[in-house]
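When a ligand or atom number is given, it counts from 1 through the structure's own listing order. Remember, it's a predicted structure, so these values are computed and weren't measured experimentally.
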Amino acid sequence: MTERTLILVKPDGVQRALSGEILSRVEAKGYRLVAVELLHASREVLSRHYAEHEGKPFYEPLVEFMESGPTLAIVAEGERVIEGFRSLAGATDPTTAAPGTIRGDLGRHWPTAVIQNLVHGSDSPESAAREIAIWFPELSA
Ligand code: IDP
Ligand code: MG
């Protein structure tokens with residue numbers, strides 16, 4: 001069954017000019033781009049997007065980092081794209097993320113309170129539907 005996922009190239013990825021490289025990996029894997037938009041996320045959008053992390057020690061640094069510059073928001077489509085993109089992205093910690101993944105090949109640790117790891121990808125069909133409605137309400141109407 002075809003599904004959709006929300007992918008974000010976070011501000012570190014946009015700032016490092018890796019948007020094209022990351023989009024290219026999504027396309028090269030065979031997924032279809034449904035929507036792509038460069039935007040500066042508001043705190044309102046970010047607090048909804050990261051609601052599950054509210055109260056954690058890295059929550060405020062995470063939201064501040066995501067507010068610090070433009071993000072490339074993407075909806076991609078294909079069979080099993082949700083787990084497929086999580087696999088392309090690699091583990092949360094970029095230092096130990098497997099080589100061959102976006103985080104493993106392009107990411108590293110920086111001296112910041114939040115882990116900067118270039119991308120976000122929805123982790124389940126429920127998260128994908130919820131997150132697409134936050135970032136691209138026009139696609140969920
Ligand atoms: P994920 O992005 O791999 O799904 P989550 O656990 O959902 O990881 O965390 C969301 C984001 O919050 C991560 O991508 C990373 O930027 C940041 N983060 C997660 N855990 C930590 C931590 O322990 N310290 C600092 N930042 C973290
Ligand atoms: Mg997550």
Heavy-atom nearest neighbour in the protein, as seen from atom 22 (C) of ligand 1, with distance rounded to 0.1 Å: F58 CD2, 3.5 Å
CG on L106 to CG on N117, rounded to 0.5 Å: 11.5 Å
Region of I115 engaging ligand 1 - heavy atom pairs below 4.0 Å: both
Per-residue contact class, H53 against ligand 1 - non-hydrogen pairs under 4.0 Å: side chain
Presence of salt bridge, R43 and E67, under 4.0 angstrom: yes
Sub-3.5 Å N/O-N/O distance, K10 and ligand 1: yes
Within 6.0 Å of CZ in R80, more than 12 heavy atoms from elsewhere: no
Straight-line distance of L72 CG to L38 CG, nearest 0.5 Å: 5.5 Å
R103 neighbourhood, listing ligand 1 atoms whose heavy-atom distance to it stays under 4.0 Å: 1 (P), 2 (O), 3 (O), 14 (O)
Contacting atoms of ligand 1, where contact means under 4.0 angstrom from a heavy atom of A113: 25 (C)
Flag side-chain contact, heavy atom, 4.5 Å: L6 against I74: no
Element-labelled atoms of ligand 1 that are located less than 4.0 Å from some non-hydrogen atom of N117: 13 (C), 14 (O), 15 (C), 16 (O)
Close-contact set for ligand 1 against R86 heavy atoms, below 4.0 Å: 1 (P), 4 (O)
H120 and H49 aromatic ring geometry - parallel, tilted or perpendicular at 30°/60° bounds: perpendicular
Contact (N/O only, under 3.5 Å) between Q116 and ligand 1: no
Atom 3 (O) of ligand 1: nearest protein contact (heavy atom, Å): T92 OG1, 2.6 Å
Part of V114 within contact of ligand 1 (heavy atoms, under 4.0 Å): both
Sub-4.0 Å heavy-atom approach of L62 to ligand 1: yes
Charged N-O contact under 4.0 Å between E21 and R25: yes
